[in-house]
**Q** 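Can you read through this structure? Questions will come right after.
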Amino acid sequence: MRLIQNMCTIAEYPTPGSSGSAAAASIDCCLGAVSGRRLVKIAVVGASGVGKTALVVRFLTKRFIGDYERNAGNLYTRQVQIEGETLAIQVQDTPGVQIHEQGLSCNEQLNRCIRWADAVVIVFSIIDYKSYELIGQLHQHVQQLHPGARLPVVIVANKADLLHIKQVEPQHGLQLANMLGCTFYEVSVSENYNDVYNAFHVLCKEVSHKQPVTSTPEKRRTSLIPRPKSPNMQDLKRRFKQALSAKVRTVTSV
Ligand SMILES: Nc1nc2c(ncn2[C@@H]2O[C@H](COP(=O)(O)OP(=O)(O)OP(=O)(O)O)[C@@H](O)[C@H]2O)c(=O)[nH]1
């Protein structure tokens, strides 16, 4: 997969009641820009501080900045090439999932984002055992929000450069992913771009194989709303003359 172009945009996804906001408008702008291509929508979820923003930014820009604003839920849009086809990809970064005594706490904003997605990246950090413990519940939650369809999910264990302070053994992540039927990647967002790239690549491929080619926005529009052919000038002139002569005939016959 090759990142083709930085099309736009970082947009906050709309909060309830903000449909007319600049945020919503900027998402519309993104969607307009991607129409005509098959669209793959990916949500990146996980506990706070595991490196979700770093992962998304690394994938899209190849850069690791090191210091990221606390996440408000940004939507990034790009075009990518997979197996010779240009796809539009939207990646939704999300605020960290909270853990309470009763278990997982996902707010409506996060749920909306998961429902929107065609695929999900669940991230944990190998230096944060709690973030690993969250994976099973998070995976279940994702599948519950997509009843009747098994959503493609990749589990990413981040911060592999910090092995000396690890709290989770890499093979535990792999075992869990196997149990859940997910692809697993151990990555260091800070040190290795290729693994990050591969994780997204695998997901995009899986989604694009599932999507029927006819589901592109452009094709759907043409098939549902057939547009009348616009007449050319010659045609218009001819029709005008015909109408005139018909009128003249009518007047003469009276
Ligand atoms: N050493 C190391 N640090 C990383 C890595 N990835 C991210 N970080 C650091 O981890 C911290 C948290 O990263 P973020 O990307 O903000 O994490 P987040 O999951 O988006 O956090 P929230 O916005 O709170 O949900 C930052 O200081 C990053 O620089 C990594 O692979 N290795």
Side-chain angles (χ1 to χ4, degrees), residues 9-13 15 23 41-78 89-100 103-114 116-117 119-139 141-142 153-174 176-177 182-203:
T9 289
I10 299 172
E12 286 184 16
Y13 50 76
T15 48
K41 295 174 287 179
I42 298 177
V44 179
V45 302
S48 188
V50 296
K52 297 182 297 298
T53 308
L55 179 84
V56 174
V57 172
R58 180 70 140 153
F59 168 60
L60 296 170
T61 68
K62 294 194 179 175
R63 295 200 196 107
F64 177 74
I65 304 160
D67 196 15
Y68 301 89
E69 209 178 289
R70 219 182 147 74
N71 186 278
N74 292 333
L75 178 74
Y76 302 80
T77 304
R78 294 289 185 281
I89 171 172
Q90 290 189 322
V91 185
Q92 178 71 68
D93 191 3
T94 64
V97 174
Q98 306 294 322
I99 314 160
H100 294 302
L104 204 64
S105 158
C106 296
N107 61 26
E108 191 41 41
Q109 197 183 22
L110 180 61
N111 289 342
R112 232 177 325 131
C113 174
I114 294 171
W116 160 90
V120 170
V121 178
I122 302 180
V123 189
F124 73 93
S125 158
I126 66 156
I127 62 166
D128 176 1
Y129 193 77
K130 284 210 162 100
S131 72
Y132 165 75
E133 282 185 320
L134 206 67
I135 300 296
Q137 292 178 61
L138 209 39
H139 180 266
H141 186 68
V142 166
V153 174
V154 163
I155 294 177
V156 169
N158 187 28
K159 308 201 184 183
D161 53 298
L162 300 176
L163 275 176
H164 53 289
I165 49 168
K166 69 174 188 280
Q167 294 181 0
V168 185
E169 293 296 335
Q171 68 268 26
H172 290 168
L174 179 60
L176 182 61
C182 304
T183 314
F184 176 74
Y185 279 91
E186 194 188 16
V187 309
S188 165
V189 170
S190 66
E191 295 197 345
N192 192 324
Y193 168 72
N194 287 342
D195 295 335
V196 171
Y197 168 91
N198 288 336
F200 279 94
H201 184 204
V202 126
L203 209 49

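One-based numbering, in listed order, for ligands and for the atoms of each.
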**Q** Near Val189, which atoms of ligand 1 are under 4.0 Å from a heavy atom of that residue?
**A**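 Selected atoms, number and element: 6 (N), 31 (O).
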**Q** Does an N or O anywhere in Asp93 fall below 3.5 Å from an N or O of ligand 1?
**A**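 No, since none of the N or O atoms of Asp93 sits under 3.5 Å from an N or O of ligand 1.
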**Q** So is there a nitrogen or oxygen of Asn158 less than 3.5 Å from a nitrogen or oxygen in ligand 1?
**A**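 N/O-N/O distance below 3.5 Å exists for this pair.
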**Q** With heavy atoms of Asp161 as the reference, note each atom of ligand 1 found under 4.0 Å away.
**A**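 Atoms satisfying the 4.0 Å criterion: 1 (N), 2 (C), 30 (C), 31 (O), 32 (N).
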**Q** Which ligand 1 atoms are under 4.0 Å away from a heavy-atom of Lys52?
**A**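 Reading through ligand 1 atom by atom, the close ones are 15 (O), 17 (O), 18 (P), 19 (O), 20 (O), 21 (O), 22 (P), 25 (O).
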**Q** For Val44, which of Ile122, Leu55, Val50, Thr53 qualifies under side-chain contact (heavy atoms from CB on, under 4.5 Å)?
**A**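 Of Ile122, Leu55, Val50, Thr53, side-chain contact (heavy atoms from CB on, under 4.5 Å) with Val44 is met by Leu55 alone.
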**Q** I'd like the name of whichever of Gly51, Ala47, Gly66 reaches closest to atom 26 (C) of ligand 1 through any heavy atom.
**A**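 Selected option, by shortest heavy-atom distance: Gly66.
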**Q** Are any of the N or O atoms of Val187 closer than 3.5 Å to those of ligand 1?
**A**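 No; every N/O pair is 3.5 Å or more apart.
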**Q** Scan Asp161, Asn194, Asn158 and name whichever one has a side-chain contact (heavy atoms from CB on, under 4.5 Å) with Val187.
**A**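 Only one of Asp161, Asn194, Asn158 forms a side-chain contact (heavy atoms from CB on, under 4.5 Å) with Val187, namely Asn158.
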**Q** Would one find an N or O of Pro95, backbone or side chain, under 3.5 Å from an N or O of ligand 1?
**A**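 No - when backbone and side-chain N and O of Pro95 are compared with those of ligand 1, no distance drops under 3.5 Å.
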**Q** Just which atoms of ligand 1 are under 4.0 Å from any heavy atom in Gly96?
**A**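 Those atoms are 25 (O).
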**Q** Would Val50 count as being in polar contact with ligand 1, using the rule that some N or O on each side must be under 3.5 angstrom apart?
**A**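 Right, the criterion is met.
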**Q** Please list, in number order, the atoms of ligand 1 under 4.0 Å from a heavy atom of Thr53.
**A**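 Selected atoms, number and element: 15 (O), 20 (O).
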